[in-house]
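Some notes on the structure that comes next.
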2 protein chains.
Amino acid sequence: MPIKYYFVMKKDKISLKDIANSLGVSTTLVSLVLNNKGEVHGISKETQAKVIAKAKELNYMPSFMARGLRTGRSFTIGVVVSDISNPFYSRMVRYMEDEASKNGYTLLISSSDESHNKESKLIKMLIDRQVDGLIISSSQPNLSFLSDVEASSIPYVLIDRVFEDNLNVNTISVDNIQGSYKAVEHLVSQGYKKIAMLAVTPIYVSTIRERIDGYLRSVDAFNLEYGSELLVELDFYNLRQSILNIINSMILKPEPEIDAIFAINNNVAVECLKSFKELGIEVPQNLGFISFDDIDLYELTSPSVSAIAQPLETLSTQAVNMIIQNIENKTHEFQQMKLDTELIIRESTLRE
Amino acid sequence: MPIKYYFVMKKDKISLKDIANSLGVSTTLVSLVLNNKGEVHGISKETQAKVIAKAKELNYMPSFMARGLRTGRSFTIGVVVSDISNPFYSRMVRYMEDEASKNGYTLLISSSDESHNKESKLIKMLIDRQVDGLIISSSQPNLSFLSDVEASSIPYVLIDRVFEDNLNVNTISVDNIQGSYKAVEHLVSQGYKKIAMLAVTPIYVSTIRERIDGYLRSVDAFNLEYGSELLVELDFYNLRQSILNIINSMILKPEPEIDAIFAINNNVAVECLKSFKELGIEVPQNLGFISFDDIDLYELTSPSVSAIAQPLETLSTQAVNMIIQNIENKTHEFQQMKLDTELIIRESTLRE
DNA sequence: TTTTTCACCTAAATTGTTTTAGAAATCAAA
DNA sequence: TTTGATTTCTAAAACAATTTAGGTGAAAAA
């Protein structure tokens, strides 16, 4: 491996002072002009033009740190999700990035891996970095861990995963209960009767709780066989094995107890699909299959996978807008938004 | 939508001064102690203990901006990729995040959408934000656009997409030429003879260039039918249609000109898979199929997709380590790393 | 001629650190 | 009794911006 040493002359940054000195004016004046406060402070047109020209000539860029120190603003929004490599979150974050950038904000993104401890640390770190606001998809069960955020008086919005109705908090999420209901309803309409929900720990995450709730309501409403016995809680850290167990014990037998699976999220669904492939399970003939969350690959599997899609773009852009409103208005006005899901019917639930 | 107004008392932040005042010492002393320079500056053990205790008691957190202003450091690494929602990059970024965090750094991630203009702006933005280093997967053809970075004397590393061998730049990438060669070699070994490469604009991106190069070399080496006529450059902004055209004009005919497709990256591959599905093309019977890049969904499609996998984790963690070395050593020592790819054989290239 | 008004500009404080250069106090050596 | 070390600490500058409170000089009004 070739190695070389170089010594680069550090070109020092242009500051307000440099502009001011080279024009023989004060830094105050330069600052005012460059912040579009020239008019209101009665700086003459010519002086303004000179300043602007000089700034351009010297390629002036304000110091982020100096400005941040003085104003307390960073034009940065902290984002905490469980895992940026999960396609659900990477798409979400991408929408956020675009919306934030439109408004002159940048994102500081971090992954909590569903760990409370890590999540709290990340939030602390983001606050230290003086983010102007936080968008959090929390893995915590309730607001208590948010004490850091509350104490800091930084505005935040909970996205996707929200806590018990709390009017003092910004939230944006989808109607998970209704979404689950739609999924089961669709399976029922296709003639499936023994519908299992494969949920996953930790069940205190609001989306999980609500989706289970929706499932249980629909089981009641449609008076399904076995009832809630077919609600299975898989171990998050042992997804693969626990799914194989279910399949072996409840499906691969002469009189299967399950004729359709409703996967609670894309993680579970992907593992299911792998198992189906491995064990040669025929979907939708032997087993109906539907998933909460809609990810790209559902279109490409055989059969393609029906899903309950969340309006990701709206979710993301609205979250960003909410937080920016809070940041810029300085008024602490809280909003709660709940969006509808969409049933996407593909091959995995269409029995011939 | 319920709305409420709240007025939160802003708990102001604890500064060095607060600690200093409450102990009747100078801020200098407090700063030294909290930066572990107490010993070397001969601060007495008792005073040190008092300061540390007080800092903990008051829950002191240094101001990121003040520190950054004074030291010129931000403990932030800027990352520019073409699209964070592309699974290749979202996984890459995730590995980077973990490695950076181990070393006390945070990432500032942004997507360029393959636009030169946007990429330049992002880099400028990141420099403004005083990142300590940059990791760039550039869509530019050469170094010229990097003048901003060079001028700023911020260390950077080019990842995945690197330019002509340049010993004055940090680079880390895979051996794309060898990777392409392996793919074709494998197809040949399976009896495919009319192997098309579906490339994509812009072809000046180094990975594209090199993969094409590797394809052409192997076409030569194996003396393949049609030779380089089967190299197709698809339009990035019109992928879907251009792929359908190829399939209709070159495959769906009695005497097809193509018996295997080598997709130059996951974007192209995904569109191919969609088209195959739509048009009912049987892979691998009628058509062999392999892709550069290995993404999760290749395991789940039917047939599963063979691929040339990049060592993503190594790529990412090494990039982070390179940049941190550069940041912390202050010596400008450039490294070039080229990693090997791995051929992953799945169903899409296994003709019965 | 003095006062007021107006247009245009600036000094200095402030933000919270780090760091340089040196001060004060104590004790030992000369 | 002065000098020199040694230990322990501090004042003040620097980083680069924003902002408050006001200054200056010329023209207009009294």
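What you are looking at is a predicted structure, and each value in this text was computed from that prediction instead of being measured. Order of the sequence lines fixes the chain letters, A, B, ..., with proteins taken first and strands second; residue numbering starts at 1 for each chain. These values consider heavy atoms only, across backbone and side chains, with no hydrogens, waters or symmetry-generated copies.
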Would B/E333 and B/Q325 count as having a side-chain donor-acceptor pair, cut-off 3.5 Å?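 Result is no, nothing qualifies.
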Can B/Y105 and B/E99 be counted as having a side-chain donor-acceptor contact under 3.5 angstrom?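 No, no side-chain donor-acceptor pair sits under 3.5 Å.
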To the nearest 10°, give me the bend of the helix from C/dT1-D/dA30 to C/dA30-D/dT1, comparing the axes of its five terminal pairs at either end.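 One end's axis against the other's: 90°.
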If you measure from the Lys or Arg side-chain nitrogens to the Asp or Glu carboxylate oxygens, is any gap between A/D113 and B/R94 under 4.0 Å?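 A salt bridge is present here (some side-chain N lies under 4.0 Å from a carboxylate O).
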Salt-bridge contact B/K124-B/E119 (side-chain N to carboxylate O under 4.0 Å):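 Answer for the salt bridge query: no.
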Looking at B/N326 and B/P155, what are the two nearest heavy atoms and their distance?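 Of all heavy-atom pairs spanning B/N326 and B/P155, the closest is CB-CB, 3.7 Å.
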For residues B/A319 and B/V157, report the shortest heavy-atom separation together with the two atoms involved.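 Nearest pair, atom of B/A319 first, then B/V157: O-CG1, 3.8 Å.
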Of all the nucleotides listed (C/dT17, C/dG16, C/dA12), which has the minimum atom distance to the side chain of A/L69?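 Of all the options, the side chain of A/L69 is nearest to C/dG16.
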Please confirm whether the backbone N or O of A/V162 pairs with a side-chain atom of A/S206, one donor and one acceptor, at under 3.5 Å?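 Checking the backbone N and O of A/V162 against the side chain of A/S206, a donor-acceptor pair under 3.5 Å is found.
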Checking the side chain of A/Q130 only, and the main-chain atoms of B/S63 only, is there a donor and an acceptor separated by less than 3.5 Å?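 No.
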Starting at [atom1] of [X] and ending at [atom2] of [N], how long is that distance when rounded to a whole Å?
{"X": "B/N36", "N": "C/dT19", "atom1": "CG", "atom2": "P", "result": "13 Å"}
{"X": "A/L16", "N": "D/dT19", "atom1": "CG", "atom2": "P", "result": "12 Å"}
{"X": "A/E39", "N": "C/dC9", "atom1": "CD", "atom2": "C1'", "result": "15 Å"}
{"X": "B/K17", "N": "C/dT18", "atom1": "NZ", "atom2": "P", "result": "15 Å"}
{"X": "B/Q130", "N": "D/dA17", "atom1": "CD", "atom2": "C1'", "result": "12 Å"}
{"X": "A/K13", "N": "D/dA16", "atom1": "NZ", "atom2": "P", "result": "9 Å"}
{"X": "A/I14", "N": "D/dA17", "atom1": "CD1", "atom2": "P", "result": "10 Å"}
{"X": "A/R67", "N": "D/dT19", "atom1": "CZ", "atom2": "P", "result": "9 Å"}

By the 4.0 Å heavy-atom rule, please label [X] as base, sugar-phosphate, or nothing.
{"X": "A/K37", "answer": "sugar-phosphate"}
{"X": "B/S15", "answer": "sugar-phosphate"}
{"X": "A/S31", "answer": "base"}

Could you grab the distance from atom [atom1] of [X] to atom [atom2] of [Y], nearest 0.5 Å is fine?
{"X": "A/L108", "Y": "A/S74", "atom1": "CG", "atom2": "OG", "value": "8.5 Å"}
{"X": "A/D132", "Y": "A/T106", "atom1": "CG", "atom2": "OG1", "value": "10.0 Å"}
{"X": "A/I77", "Y": "A/E97", "atom1": "CD1", "atom2": "CD", "value": "11.5 Å"}

More than 12 foreign heavy atoms under 6.0 Å from NZ of A/K118: is that the case here?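 Yes - once you tally the heavy atoms of other residues, nucleotides and ligands closer than 6.0 Å, there are more than 12.
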Using only heavy-atom distances, decide whether a donor-acceptor pair under 3.5 angstrom links the side-chain of B/R70 to the base of C/dT18.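 Yes.
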For DNA chain D, find the residues of residues 55-66 of chain A with a heavy-atom distance under 4.0 Å and give them by number; none if there aren't any.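 Close to the strand are A/Y60, A/M61, A/P62, A/S63, A/A66.
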What nitrogen or oxygen pairs link the protein and nucleotides 6-9 of chain D at under 3.5 Å?
from	atom 1	to	atom 2	distance (Å)
D/dC9	OP1	B/T47	OG1	3.0
D/dC9	OP2	B/S44	N	3.0
D/dC9	OP2	B/S44	OG	3.4
D/dC9	OP2	B/T47	OG1	3.3

Between A/N35 and B/T28, which is nearer to the 5' end of DNA chain D once each is assigned its nearest nucleotide?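 Upstream on the strand: B/T28.
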